[in-house]
There are 2 protein chains.
Amino acid sequence: MGATKTDHFTESQNELAVLAKALGHPARIAIMEYLLKVDACICGDIVNELPLSQPTVSQHLKELKNAGLIKGSIEGNSICYCINEPGLEKIKGFFQHISDHLAKKRSECC
Amino acid sequence: MGATKTDHFTESQNELAVLAKALGHPARIAIMEYLLKVDACICGDIVNELPLSQPTVSQHLKELKNAGLIKGSIEGNSICYCINEPGLEKIKGFFQHISDHLAKKRSECC
DNA sequence: TATTTATATTGCAATATTACGATAATAATT
DNA sequence: AATTATTATCGTAATATTGCAATATAAATA
């Protein structure tokens, strides 16, 4: 055991879980916030912003990229990272949906 | 190693990471969706809805509760679970914030 | 072409997560 | 009081994640 039973859940559920999981680490939240703060593509000084080694940061960036939350394009000998909107909209939509639903039904529960 | 360096990040970053991590499993997404679908407190048939054993589901419910995404109150000999709005609003706010910010700056990036 | 700069990959140790059988705990019912 | 129903906890095996040193890769520059 130890492996998630992904094939027992819907594609949508797995997809949302992948997105949420990618954000389930403070370093990756910090990366997203930093990319947002600088208001543009940022070419690699993310390592200086975080209290983690270069290989570790690189790994976190890879996970965010795999999940579709950021994208990186080669820019000379450095890499330009920025937020990938479609991925973000997908997970935002999930919370919006829940929130809208709750607004209608608030009184019935607990 | 293997332990997250939580003390190197802000409280807000850690808090968001905890919420996102709690949703980083398809079973826990499925639980949230189910609680939403039934429109009310649900007394324990979550186990029947999921392709997982009772102890495993109980563990997932505990994680969602610890993260503040659901709440459970004792109702006779069963337990009434439902979505905890404040936790949900917190993580929704994070995505809303990013989304709003991106809407303004879209043209500058990538 | 050698060197520097920037990022990725590999390998490994420490720790965390996932899943479930067995069992415990609690309250309702008989 | 014994039984049943419902949920939680313990113990444990399998797998995943986290973090970093060492190393590799790739592009710019001297």
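This structure is a prediction, so every number in the text was calculated from the model and none was measured.
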*Asks:* Would you say B/His60 places a side-chain N or O within less than 4.0 Å of OP1 or OP2 belonging to C/dT17?
*Replies:*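 False: B/His60 side-chain N/O out of range (4.0 Å or more) of C/dT17 OP1/OP2.
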*Asks:* Rounded to whole Å, how long is the line connecting atom CZ of A/Arg28 with atom P of D/dT17?
*Replies:*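 Spelled out: CZ on A/Arg28 to P on D/dT17 is 9 Å.
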*Asks:* Starting at CG of B/Asn14 and ending at P of D/dT18, how long is that distance when rounded to a whole Å?
*Replies:*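 Between P of D/dT18 and CG of B/Asn14: 13 Å.
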*Asks:* Would you kindly compare A/Thr6 and A/Asp45 by the position of their nearest DNA chain C nucleotide and give the one closer to the 5′ end?
*Replies:*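 The answer here is A/Asp45.
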*Asks:* Distance check needed: D/dT17 P versus A/His25 NE2, whole Å only.
*Replies:*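 Taking NE2 of A/His25 and P of D/dT17, I get 12 Å after rounding.
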*Asks:* Is the phosphate of C/dT9 approached by A/Lys62 (side-chain N or O, under 4.0 Å from OP1 or OP2)?
*Replies:*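 Checking C/dT9 against A/Lys62, a side-chain N or O does come within under 4.0 Å of OP1 or OP2.
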*Asks:* Any heavy-atom pair between the side chains of B/Glu63 and B/Gln59 that's under 4.5 Å?
*Replies:*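 Yes, their side chains come closer than 4.5 Å.
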*Asks:* Can you tell me the distance, in whole Å, between the CG atom of A/Leu23 and the P atom of D/dT18?
*Replies:*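 Spelled out: CG on A/Leu23 to P on D/dT18 is 12 Å.
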*Asks:* With a 4.5 Å limit on heavy-atom distance, are the side chains of B/Phe95 and A/Gln96 in contact?
*Replies:*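 The answer is no, as the side chains (C-beta and beyond) never meet within the 4.5 Å cut-off.
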*Asks:* Within this structure, what is the CG-to-C1' distance between B/Asn66 and C/dT18, rounded to whole angstrom?
*Replies:*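 From B/Asn66 CG to C/dT18 C1': 16 Å.
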*Asks:* In whole Å, what is the span from the CD atom of A/Glu63 to the P atom of D/dA16?
*Replies:*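 It is 13 Å, rounded to the nearest whole Å.
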*Asks:* Between A/Ser58 and C/dA8, is there a side-chain N or O to OP1/OP2 distance below 4.0 Å?
*Replies:*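 Looking at the OP1 and OP2 atoms of C/dA8, one of them is under 4.0 Å from a side-chain N or O of A/Ser58.
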*Asks:* Using a cut-off of strictly less than 4.0 Å, decide whether B/Tyr81 has a side-chain nitrogen or oxygen near OP1 or OP2 of D/dT6.
*Replies:*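 It does not, given that no N or O in the side chain of B/Tyr81 lies less than 4.0 Å from OP1 or OP2 of D/dT6.
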*Asks:* Rounded to the nearest 0.5 Å, what separates atom CD in B/Gln13 from atom CG in A/Leu23?
*Replies:*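 One finds 12.0 Å between CD of B/Gln13 and CG of A/Leu23.
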*Asks:* What I'd like to find out is whether the side chain of B/Met32 reaches to under 4.5 Å of the side chain of B/Leu88, using heavy atoms alone.
*Replies:*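 Yes, side chains in contact.
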*Asks:* Can you check whether A/Thr56 has a side-chain N or O nearer than 4.0 Å to OP1 or OP2 of D/dC20?
*Replies:*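 For A/Thr56, the contact criterion (side-chain N or O under 4.0 Å from OP1 or OP2 of D/dC20) is met.
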*Asks:* Base, sugar-phosphate alone, or nothing: which one does B/Leu61 contact when heavy atoms must sit under 4.0 Å apart?
*Replies:*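 B/Leu61: no heavy atom of the nucleic acid under 4.0 Å.
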*Asks:* How long is the line joining CD of B/Gln59 and P of D/dA13, in whole Å?
*Replies:*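 After rounding, the gap between these two atoms is 16 Å.
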*Asks:* Write down the distance between CD1 (B/Ile31) and C1' (C/dT18), rounded to a whole number of angstrom.
*Replies:*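 From B/Ile31 CD1 to C/dT18 C1': 13 Å.
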*Asks:* Is the distance from OP1 or OP2 of D/dT17 to the nearest side-chain N or O of B/Lys21 less than 4.0 Å?
*Replies:*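 So the side chain of B/Lys21 is outside the cut-off, no N or O lying under 4.0 Å from OP1 or OP2 of D/dT17.
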*Asks:* Could you check whether any side-chain N or O of B/Asn14 sits under 3.5 Å from a backbone N or O of B/Thr6, counting only pairs where one atom can act as donor and the other as acceptor?
*Replies:*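 Side chain of B/Asn14 to backbone of B/Thr6, a donor-acceptor pair under 3.5 Å: yes, one is there.
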*Asks:* Taking only nitrogen or oxygen atoms into account, show me every contact under 3.5 Å that the protein makes with nucleotides 21-29 of chain C, one pair per line with its distance.
*Replies:*
none

*Asks:* With A/Val57, which residues qualify under side chain to side chain contact (heavy atoms under 4.5 Å, CB included), at least two apart?
*Replies:*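 By the side chain to side chain contact (heavy atoms under 4.5 Å, CB included) rule, A/Val57 matches A/Ile46, A/Val47, A/Leu50, A/Leu52, A/Leu61.
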